[in-house]
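These notes concern the structure reproduced below.
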Amino acid sequence: DLPRPRGETSHRQAQHGRRFRKEHLGELKRGTFRPEHLALHAGQHARDGEPLTAKQVLDQAAARVQDSFADDPATDAQVLKALGELHFYLGDYSAAEPLLRHWLAFDAAIADPVAGADVRFTLAETVHRMGNPDEARALLEQAQAFWNTDPERHADVLLTSRALQARLQ
């Protein structure tokens, strides 16, 4: 392979970024976004031909999302929230934490209090597992305060959150 002229590479990257953004923005608006779709855009193999780990795919996807949605911080935050949750479920708390905090930085612009409580709860679990019970307690209290505004609607998550509350006492 011959190296591409710099302008061609930049143009191709820009086209790919626009296509990527259009596709995933539509998924977000329809409520059909699935973070694993990002793996298709992250590449299937590392440079040496070895399969990528889940963490590598998620890290590449997060970088691509930040590039593709740089001018739309609310959408950027929504996608990074999903990636942060995936890191959390994989037990990679140090990778989950900044992605979840990124969402909270745009909490007012996103204006979704249900999602905000969910992010606070996931971040509370994350920082608790990282050894910061005081911050976990504060985040959990914020999430529970929202859920307690309509306890019947949020009964399941309130019950789930009590396990963390008990571990923090």
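Side-chain atoms are counted along with the backbone in the values below, which use heavy atoms only and exclude waters and symmetry mates. Note that this is a predicted model, so its numbers are computed, not measured.
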Side chain to side chain donor-acceptor pair (under 3.5 Å) against D112, all qualifying residues, sequence neighbours excluded: none

Check for me, please, whether L100 and F121 land in the same ILVMFWY cluster - side-chain distances under 4.5 Å, paths through other members count. no

Can I110 be reached from L139 by stepping across I, L, V, M, F, W or Y side chains whose heavy atoms are under 4.5 Å apart? yes

Would you mind reporting whether D118 and E85 have side-chain heavy atoms less than 4.5 Å apart? yes

V119 and F146: same hydrophobic cluster, using ILVMFWY side-chain contacts below 4.5 Å? no

Evaluate the side-chain proximity of V114 to H154: yes if any heavy-atom separation is below 4.5 Å, no if none is. yes

Could you list who else is in Y89's hydrophobic cluster, with ILVMFWY side chains joined at under 4.5 Å, directly or through other members? F88, Y93, M130

Listed by chain and number, what are the side chain to side chain donor-acceptor pair (under 3.5 Å) partners of S161, not counting sequence neighbours? Q144

If a pair satisfies salt bridge (charged side-chain N to carboxylate O under 4.0 Å, His left out) and one of its residues is in residues 95-109, list it, with sequence neighbours excluded. E97-R101, R101-E135, D107-R120

Kindly give the heavy-atom pair with the smallest separation between T149 and P151, and that separation in Å. C-CD, 3.8 Å

Heavy-atom closest pair (W103 atom, K81 atom, distance to 0.1 Å) is CD1-CB, 3.5 Å

For G84 against A96, the heavy-atom pair lying closest together: O-CB, 3.3 Å

For residues 148-169, the salt bridge (charged side-chain N to carboxylate O under 4.0 Å, His left out) pairs (sequence neighbours left out) are E125-R167

Value rounded to 0.5 Å, distance of CG in L123 from CD in Q142: 9.5 Å

What are the two closest heavy atoms between A136 and A124, and how far apart are they? CB-O, 3.3 Å

With sequence neighbours excluded, residues passing side chain to side chain contact (heavy atoms under 4.5 Å, CB included) with P133: R137, L168

Could you give the distance from CG (L164) to CZ (R129), rounded to the nearest 0.5 Å? 8.5 Å

